[in-house]
Trainee: 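For reference, the structure I am asking about is given below.
The structure displayed is predicted, hence computed values, not measured ones.
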Amino acid sequence: MASFPSSLKSRAGWAKLLELKRSSEPHVHQIEPTNSCPYSCVMCPRPGRMEREVGFMEMGLYQKVIDEISGFPEPVRKKEIELFHFGESLLHPQIGEMAGYASGKGLNITLSVNAPELTPPILHRLIESGPCRIIISFDGYDEESYREIRGGNADYPKASANLEYAAGLVKRGLPHTRISLRIIRLNRNSPKIDDFKARYEAMGLPVEVREFFPWTEKELVSFGVVQKYPPFMPCPFPWQYLVVQWDGTVVPCCRDYNAVNPMGNVRSSSLKEIWNSSEYALFRDQHRTGKYGGNAFCKGCMEIFYTEA
């Protein structure tokens, strides 16, 4: 285990460091085009747990968010913006326009998509929209494991065909678009990950292995190995970034899929106003002190990730 200075032997010490590093403009980690999704992944709390209304972000609202970000100082503006949160972004009928509008402002856009949805026409639309990074999520190594992990709608033959097409484009050269394959390390697929990487990298697709995290759900812990925070470190997210959901609600965490801790709404406030608001300061104080009050969402999550010593 890494050794830390005495100033980081308490929640308060970590919080002081995180506050010193916090910028006055927020890093918008994720923008959610939609929270609609046809999949029922075993490691996702979505089936039966997401209670938010399902909807699609209006283009005007999206442009308002992007316009504000494009005026931020360069160190913040250049950070990666994930154009997804708790849904399959390719289901949004204007996803190509969304990607293009942000890349046209010089922003660093990333999409994470399910392989069956990334059909050749959609892929070409994204490539033509401007520079972006496309991560293809594909956690199974064969048809059985893919359906077991991603649910009954996980079409392995279609996914495989789309991957082969994408690999062909990568081999021919894509000067402005980066495409990679992502697999989440789970107990179910862990023994096959090396073979998985070798297979798809031979096709020309870079493979990144993402470590498993169980969102905020203790019953999901058994699906993989949980990487805990260093001793005494509070959740760093309240100081690092925010997320904009499809209806404009701002939440302080990519795991807050039900908007349990809304910090404001970009329909009525700017991102910077929300980020520096008294509500956000009180939220950070919960994590600094470990006194969550009625915030059972963060308390339960930190019971999974927090390390006492």
Trainee: Going by ring pair (Phe, Tyr, Trp, His ring centres under 6.0 Å), H287 matches just one of Y292, W14, Y229. Which one?
Mentor: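 When Y292, W14, Y229 are each tested with H287, the ring pair (Phe, Tyr, Trp, His ring centres under 6.0 Å) holds only for Y292.
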
Trainee: So which atom in F56 and which in S36 form the shortest heavy-atom distance, rounded to 0.1 Å?
Mentor: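 Between these two residues, the closest heavy atoms are CZ-CB, 4.1 Å.
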
Trainee: Rounded to the nearest 0.5 Å, how far does CD1 of I184 lie from CE of M43?
Mentor: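 Answer rounded to 0.5 Å: 4.0 Å.
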
Trainee: Kindly indicate whether a cation-pi arrangement holds for R11 with Y306, taking the cut-offs as under 6.0 Å to the six-membered ring centre and within 45° of the axis.
Mentor: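 Yes.
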
Trainee: Would you mind reporting whether Y165 and H124 have side-chain heavy atoms less than 4.5 Å apart?
Mentor: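 They are in side-chain contact.
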
Trainee: Give a yes or no answer on whether the side chain of N153 reaches the backbone of S40 with a donor-acceptor pair at less than 3.5 Å.
Mentor: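 The answer is no, because no donor-acceptor pair under 3.5 Å joins these two groups.
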
Trainee: Establish, yes or no, whether a centroid distance under 6.0 Å links the rings of Y156 and Y141.
Mentor: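 No; Y141 has its ring centre 6.0 Å or more from that of Y156.
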
Trainee: Less than 4.0 Å between a side-chain N and a carboxylate O, is that true for R133 and E208?
Mentor: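 Salt bridge: yes.
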
Trainee: Classify the ring geometry of F86 against Y257: parallel below 30°, tilted from 30° to 60°, perpendicular beyond 60°.
Mentor: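 Parallel.
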
Trainee: Can D67 and K105 be said to form a salt bridge (Lys or Arg N to Asp or Glu O under 4.0 Å), step by step?
Mentor: CA-CA 8 Å; D67 289 348; K105 298 276 187 177; 3.3 Å; yes

Trainee: Taking all non-hydrogen atoms of both residues, which atom of S89 and which atom of L111 are closest, and how far apart?
Mentor: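 Minimum heavy-atom separation between S89 and L111: CB-CD2, 4.0 Å.
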
Trainee: Do the side chains of I122 and L174 join up, straight or via other hydrophobic residues, at under 4.5 Å, putting them in one cluster?
Mentor: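 Yes, I122 connects to L174 through the hydrophobic network.
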
Trainee: Measuring only between side-chain heavy atoms, which start at C-beta, is I136 closer than 4.5 Å to R182?
Mentor: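 The answer is no, as the side chains (C-beta and beyond) never meet within the 4.5 Å cut-off.
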
Trainee: Are L123 and L83 connected in the hydrophobic side-chain network, where two residues link if heavy atoms are under 4.5 Å apart?
Mentor: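 Yes, one cluster joins them.
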
Trainee: Does any non-hydrogen side-chain atom of N35 lie less than 4.5 Å from one of H85?
Mentor: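 Counting from C-beta outward, H85 and N35 never come under 4.5 Å.
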
Trainee: So, the side chain of T110 versus the backbone of E82: is there a donor-acceptor pair under 3.5 Å, distance only?
Mentor: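 No; zero donor-acceptor contacts below 3.5 Å.
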
Trainee: Hey, does the side chain of D247 reach the backbone of T249 with a donor-acceptor pair shorter than 3.5 angstrom?
Mentor: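 Yes, D247 side chain to T249 backbone: donor-acceptor pair under 3.5 Å.
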
Trainee: So L205 and S180, do their side chains get closer than 4.5 Å, heavy atoms only?
Mentor: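 A side-chain contact under 4.5 Å is absent here.
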
Trainee: Is there a donor-acceptor pair closer than 3.5 Å between any side-chain N or O of S145 and the backbone N or O of N189?
Mentor: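 No.
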
Trainee: Can you tell me how far the CG atom of L220 sits from the CG atom of L186, to the nearest 0.5 Å?
Mentor: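 With rounding to 0.5 Å, CG (L220) is 10.5 Å from CG (L186).
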
Trainee: Angle class for the F196/Y200 ring planes (parallel below 30°, perpendicular above 60°, tilted otherwise)?
Mentor: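 The rings of F196 and Y200 sit tilted, inter-plane angle from 30° to 60°.
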
Trainee: Please walk me through it: do I69 and I31 pass side chain to side chain contact (heavy atoms under 4.5 Å, CB included)?
Mentor: CA-CA 11 Å; I69 298 169; I31 303 173; 4.3 Å; yes

Trainee: What are the two closest heavy atoms between V54 and W246, and how far apart are they?
Mentor: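 What the structure gives for the nearest pair is C-CZ2, 4.1 Å.
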
Trainee: Given side chains that start at C-beta, do those of I274 and E279 come closer than 4.5 Å, heavy atoms only?
Mentor: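 Counting from C-beta outward, I274 and E279 never come under 4.5 Å.
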
Trainee: Is there a donor-acceptor pair closer than 3.5 Å between any side-chain N or O of R255 and the backbone N or O of T216?
Mentor: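 Here the side-chain-to-backbone pair does not exist.
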
Trainee: Could you give the distance from CE (M59) to CD (E97), rounded to the nearest 0.5 Å?
Mentor: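 Answer for the CE-CD pair, M59 versus E97, is 5.0 Å.
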
Trainee: Return yes if some donor-acceptor pair links the side-chain N/O of N265 with the main-chain N/O of R267 below 3.5 Å, else return no.
Mentor: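 A pair under 3.5 Å: yes.
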
Trainee: Quick check: does any side chain N or O of W275 sit under 3.5 Å from a backbone N or O of Y280, one acting as donor and the other as acceptor?
Mentor: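 No.
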
Trainee: Is there a path of hydrophobic side-chain contacts, each under 4.5 Å between heavy atoms of I, L, V, M, F, W or Y residues, that connects V244 with F72?
Mentor: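 Linked, V244 and F72 end up in one cluster.
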
Trainee: Please determine whether a side-chain nitrogen of the Lys or Arg among E303 and K218 lies less than 4.0 Å from a carboxylate oxygen of the Asp or Glu.
Mentor: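 Answer for the salt bridge query: yes.
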
Trainee: Nearest heavy-atom pair of P26 and V76: which atoms, and what distance?
Mentor: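 Distance-wise, the nearest heavy atoms are O-CG1, 3.4 Å.
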
Trainee: Quick one: pull up OG in S160 and CG in D155 and give me the separation to the nearest 0.5 Å.
Mentor: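 Between S160 OG and D155 CG, I get 9.0 Å after rounding to 0.5 Å.
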
Trainee: Return yes when atom CD of E144 has more than 12 non-hydrogen atoms of other residues, nucleotides or ligands closer than 6.0 Å, and no otherwise.
Mentor: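 It does not: E144 CD has 12 such atoms or fewer within range.
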
Trainee: Do E117 and L91 touch side chain to side chain, with heavy atoms closer than 4.5 Å?
Mentor: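 E117 vs L91: side chains touch.
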
Trainee: Distance alone, cut at 3.5 Å: any donor-acceptor contact between the side chains of Q245 and E32?
Mentor: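 Judged by distance alone, the side chains do not pair up.
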
Trainee: Do I149 and L163 belong together in a cluster built from hydrophobic side chains that touch within less than 4.5 Å?
Mentor: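 Unlinked, I149 and L163 end up in two clusters.
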
Trainee: Assess whether side chain to side chain contact (heavy atoms under 4.5 Å, CB included) is satisfied between C253 and N261, documenting all intermediate values.
Mentor: CA-CA 9 Å; C253 174; N261 290 306; over 6 Å; no

Trainee: Hey, is the main chain of L271 close enough, under 3.5 Å, to the side chain of E68 for a donor-acceptor pair?
Mentor: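 Checking the backbone N and O of L271 against the side chain of E68, a donor-acceptor pair under 3.5 Å is found.
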
Trainee: CG of L282 to CZ of R288: how many Å apart, nearest 0.5 Å?
Mentor: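 Atom-to-atom, L282:CG and R288:CZ are 11.0 Å apart.
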
Trainee: Count the heavy atoms of every other residue, nucleotide or ligand shown that sit under 6.0 Å from NE2 of H176, and state whether that count exceeds 12.
Mentor: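 No.
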
Trainee: Which is it for L169 and T177 under the side chain to side chain contact (heavy atoms under 4.5 Å, CB included) test, yes or no, and what are the steps along the way?
Mentor: CA-CA 10 Å; L169 293 182; T177 304; over 6 Å; no

Trainee: Walk me through it: do V226 and F212 pass the test side chain to side chain contact (heavy atoms under 4.5 Å, CB included)?
Mentor: CA-CA 6 Å; V226 176; F212 163 75; 4.2 Å; yes

Trainee: Please determine whether salt bridge (Lys or Arg N to Asp or Glu O under 4.0 Å) holds for the pair E58 and K64, giving the CA-CA distance in whole Å, both sets of side-chain angles, and the decisive distance to 0.1 Å.
Mentor: CA-CA 10 Å; E58 300 164 358; K64 179 181 186 291; over 6 Å; no

Trainee: Just wondering, do C235 and F305 contact through their side chains at under 4.5 Å, heavy atoms?
Mentor: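 No - every pair of side-chain heavy atoms lies 4.5 Å or more apart.
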
Trainee: Between Y101 and I66 (side chain of the first, backbone of the second, donor and acceptor by atom type, cut-off under 3.5 Å), is there such a pair?
Mentor: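 Not confirmed, Y101 side chain does not pair with I66 backbone.
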
Trainee: Shared ILVMFWY cluster between V251 and V65, side chains joined below 4.5 angstrom?
Mentor: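 Shared cluster, no.
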
Trainee: Starting at CD of Q286, measure out to SG of C298 and round the result to the nearest 0.5 Å.
Mentor: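 That separation rounds to 6.5 Å.
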
Trainee: Counting heavy atoms not belonging to K79, are there more than 12 under 6.0 Å from its NZ?
Mentor: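 More than 12 within 6.0 Å, yes.
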
Trainee: If you count every heavy atom of other residues, nucleotides or ligands that lies below 6.0 Å from K299 atom NZ, does the total exceed 12?
Mentor: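 No.
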
Trainee: With a cut-off of 6.0 Å (strictly less than), are more than 12 heavy atoms of other residues, nucleotides or ligands near NZ of K21?
Mentor: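 At most 12 heavy atoms, drawn from other residues, nucleotides or ligands, come within 6.0 Å of this atom.
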
Trainee: Between E25 (side chain) and P73 (backbone), is there a donor-acceptor pair under 3.5 Å?
Mentor: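 Here the side-chain-to-backbone pair does not exist.
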
Trainee: Work out which heavy atom in S222 is nearest to a heavy atom in N187; give both atom names and the distance.
Mentor: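 Looking at all heavy atoms of both residues, the shortest contact is O-ND2, 2.8 Å.
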
Trainee: Side chains of W239 and E19: donor-acceptor distance under 3.5 Å anywhere?
Mentor: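 Checked: W239/E19 side chains pair up, N/O donor to acceptor below 3.5 Å.
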
Trainee: Are side-chain heavy atoms of V225 and R185 found at a separation under 4.5 Å?
Mentor: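 Not touching, per the 4.5 Å side-chain cut-off.
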
Trainee: I need the minimum non-hydrogen distance between Y39 and A154, along with the two atoms involved.
Mentor: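 Minimum heavy-atom separation between Y39 and A154: CE2-CA, 3.8 Å.
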
